Engineer: 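A single structure is presented below for examination.
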There are 2 protein chains.
Amino acid sequence: MATSSAAALWYFESVNLYHILCPHKVKKMGDKHEFIRYKKDDFVYVPEDTASNIYLIVDGRIKIGHYLDDGKEVVSSILTTGEIFGELALAGEDTRRDFAQAMCDAVICPLTIEELKALMFENKELSFKILKLIGLRLMKLERKLELLVFKDARTRVIEFLKDTATWKGQRVGFETMIPTKLTHKDIAALTGTSRQTVTTILNELKEQNLINFDRKKILIRDINNLR
Amino acid sequence: MATSSAAALWYFESVNLYHILCPHKVKKMGDKHEFIRYKKDDFVYVPEDTASNIYLIVDGRIKIGHYLDDGKEVVSSILTTGEIFGELALAGEDTRRDFAQAMCDAVICPLTIEELKALMFENKELSFKILKLIGLRLMKLERKLELLVFKDARTRVIEFLKDTATWKGQRVGFETMIPTKLTHKDIAALTGTSRQTVTTILNELKEQNLINFDRKKILIRDINNLR
DNA sequence: GGGGCCCTGTCGCCCGCGCGACACTATATA
DNA sequence: TATATAGTGTCGCGCGGGCGACAGGGCCCC
């Protein structure tokens, strides 16, 4: 898959927005530097909230998603330390249409749009990084769309595993270990399949000795031979 | 659908980027102002091209899409006069992963990234408009994803009709007329369904007197009662 | 340590819709 | 006006996978 690896490379380049942003903030705003703690399952924001901040994750895992008319939850992404969310506020979103929820106890650093815009005014590099960040989200979403719409459930789960391995996995020899407490239900919501299907597929893959997993981690035997 | 109408409002605000951009360009660059003509089916760019321009559509219709591994074509969007494409170049995309193709004879105004960045440096408003434009694309894509993954074919086609009516339709009394030469195949590619299904659904809707159509236009009787 | 709750695993039903096939009709080409 | 070509309409088959149901296993909390 030429496309996926290209997208991956591009990604890593833009992660360090966090490092650009936080020092700046410290320098400019001194003790206004603020952290907020959330307990497991707390919401950072919910639909209809006014969108006035973007957030940096200092520690913990945050789930971004929204609810369908029938109340079913759709998960767009699950983010961890160093990642950014709520960036659409910057792009003109006035009230949130998605929610952000802590999946475990978490520490978040909020930044008002005003603050950020001020920073962007005097830091061209930052402006383009932000542009890039949002562009990246767009490309990831395009890829996800293609996956969800045109591939079968098995492929979707496999691609999800590969992606996750690339972002979050730890390489040990040939094997990649993904430490994760994602339940099958979570994976189902992320891949647009049903819980049962995920269970079945995962077990098939384990059967074929392509992966192994328990409740704490997923182990991919050889990421290049997973299909 | 609260979501869709909110998204719609937001959209209209950002369309006039064209008006901001073109006067500027004329002012700053004088006779470097350039138009390129494309014949029907010509490609503006194809995957692997280096991404060095963004484009304004002066006249005609441009199809944006890409090809799956099996060669099948996926259409992401179809754009017309006044709209912008190729904007990911600005967000750091170095080589294109999608294609842009003229659906009829078309006139396009290209703008190099360098030119545009220069303009953005000295025009904050433009910078934020661009950010907004890309953010908008992101939101539209999120909506599309949700539609494609969680709604059945009928709903997808109906929502597509509504969306198109909102962007491109002409209101005449209660009715909305969408002048379009989209074939059923086009609509299928845009809604992620099959050609046959589109035909059937469209005829069902005609039967129920909710819409009418021929090869040149689609007429929606009452956009608020289409479901 | 016991009761409740959530996660995992498996089976079978059923339905949405993609897809091939084929006939018919409008539009472009000669 | 004849002929090729692309778009439309309809039917029936088949399969992927959602979903309900239920059983077993872990884990947390009182």
Side-chain angles (χ1 to χ4, degrees), chain A residues 39-41 63 68-75 78 103-105 146-161 180-208 211-219, chain B residues 39-41 63 68 70-75 78 101 103-105 146-161 180-208 211-219:
Chain A
K39 292 216 159 297
K40 182 172 188 307
D41 297 331
K63 177 164 73 178
L68 300 180
D69 304 341
D70 63 11
K72 206 165 81 171
E73 177 182 296
V74 189
V75 179
I78 290 180
M103 296 183 76
C104 54
D105 291 8
E146 184 174 318
L147 230 46
L148 287 186
V149 177
F150 298 101
K151 309 289 183 176
D152 62 17
R154 182 173 215 266
T155 312
R156 265 144 55 193
V157 172
I158 288 178
E159 290 300 314
F160 168 76
L161 289 178
T180 175
K181 280 178 196 144
L182 254 37
T183 69
H184 294 183
K185 197 175 137 212
D186 291 333
I187 299 179
L190 282 161
T191 55
T193 56
S194 74
R195 197 226 92 219
Q196 295 95 319
T197 305
V198 171
T199 302
T200 311
I201 292 171
L202 249 31
N203 281 314
E204 264 174 43
L205 293 173
K206 188 196 269 183
E207 204 100 331
Q208 303 175 244
I211 68 169
N212 196 10
F213 62 92
D214 59 32
R215 273 157 137 110
K216 292 202 194 64
K217 60 185 181 307
I218 301 175
L219 185 72
Chain B
K39 292 214 161 299
K40 184 174 187 305
D41 296 331
K63 177 164 74 178
L68 301 180
D70 63 10
K72 207 164 83 170
E73 177 181 296
V74 189
V75 178
I78 290 180
Q101 185 182 23
M103 296 183 75
C104 56
D105 292 8
E146 185 173 318
L147 233 45
L148 287 186
V149 176
F150 298 101
K151 309 288 183 177
D152 62 17
R154 183 172 215 265
T155 312
R156 263 138 62 189
V157 171
I158 288 179
E159 289 301 312
F160 168 76
L161 288 178
T180 176
K181 278 177 197 147
L182 254 37
T183 68
H184 294 183
K185 199 175 136 211
D186 290 334
I187 299 178
L190 282 161
T191 54
T193 56
S194 73
R195 198 227 90 217
Q196 295 94 318
T197 305
V198 171
T199 302
T200 310
I201 292 171
L202 249 31
N203 280 314
E204 262 173 44
L205 293 173
K206 188 196 265 181
E207 204 100 327
Q208 303 175 244
I211 67 168
N212 196 10
F213 64 93
D214 59 33
R215 275 159 132 107
K216 291 202 194 65
K217 60 184 181 306
I218 301 174
L219 185 73

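What you see is a predicted model, and the numbers here were worked out from it, not measured in a lab. Here is how names work: the chains are called A, B, and so on, in the same order as the sequence lines, proteins then strands, and each is numbered from 1.
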Engineer: Looking at side-chain heavy atoms only, is the closest gap between B:Glu207 and B:Asn203 below 4.5 Å?
Structural biologist: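 A side-chain contact is absent here, since even the closest heavy-atom pair is not under 4.5 Å.
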Engineer: What is the per-nucleotide protein-contact pattern of nucleotides 10-24 of chain D, from the 5' end, where B denotes a base atom under 4.0 Å from a protein heavy atom, S denotes such proximity for sugar-phosphate atoms only, and - denotes neither?
Structural biologist: B------SSBBB---
Engineer: Can you check whether B:Leu205 reaches B:Leu161 side chain to side chain, under 4.5 Å on heavy atoms?
Structural biologist: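 Sidechains of B:Leu161 and B:Leu205: in contact.
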Engineer: Provide the start and end nucleotides, 5' to 3', of the part of DNA chain C that has atoms under 4.0 Å from heavy atoms of chain B.
Structural biologist: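 Extent of the interface on DNA chain C: C:dC17 to C:dA26.
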Engineer: Could you tell me how far apart B:Lys216 (NZ) and D:dG7 (C1') are, to the nearest whole angstrom?
Structural biologist: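 Atom NZ in B:Lys216 sits about 14 Å away from atom C1' in D:dG7.
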Engineer: Going by heavy atoms in the side chains, are A:Leu202 and A:Val157 under 4.5 Å from each other?
Structural biologist: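 Of all side-chain heavy-atom pairs linking A:Val157 with A:Leu202, at least one is under 4.5 Å.
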Engineer: Using atom NZ of B:Lys185 as one end and atom P of D:dT5 as the other, report the distance to the nearest whole Å.
Structural biologist: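 B:Lys185 atom NZ is separated from D:dT5 atom P by 15 Å.
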Engineer: Provide, to the nearest angstrom, the distance between the CG atom belonging to B:Asp41 and the P atom belonging to D:dA6.
Structural biologist: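 B:Asp41 atom CG is separated from D:dA6 atom P by 11 Å.
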Engineer: Is it true that atom NZ of A:Lys181 has more than 12 heavy atoms of other residues, nucleotides or ligands lying nearer than 6.0 Å?
Structural biologist: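 No, the 6.0 Å shell around NZ holds no more than 12 heavy atoms from other groups.
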Engineer: Would you check if A:Phe160 and A:Leu182 make a side-chain contact, meaning some heavy-atom pair closer than 4.5 Å?
Structural biologist: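 SC-SC contact between A:Phe160 and A:Leu182 confirmed.
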Engineer: Between B:Asp186 and B:Val75, is any pair of side-chain heavy atoms under 4.5 Å apart?
Structural biologist: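 B:Asp186 does not reach B:Val75 side chain to side chain.
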Engineer: Using atom CD1 of B:Ile218 as one end and atom P of D:dT8 as the other, report the distance to the nearest whole Å.
Structural biologist: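 Taking CD1 of B:Ile218 and P of D:dT8, I get 10 Å after rounding.
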Engineer: Would you say B:Gln208 has more than 12 foreign heavy atoms packed within less than 6.0 Å of its CD?
Structural biologist: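 Enclosed.
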Engineer: So how far is it from A:Thr191 OG1 to A:His184 NE2, rounded to the nearest 0.5 Å?
Structural biologist: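 NE2 of A:His184 is found 11.0 Å from OG1 of A:Thr191.
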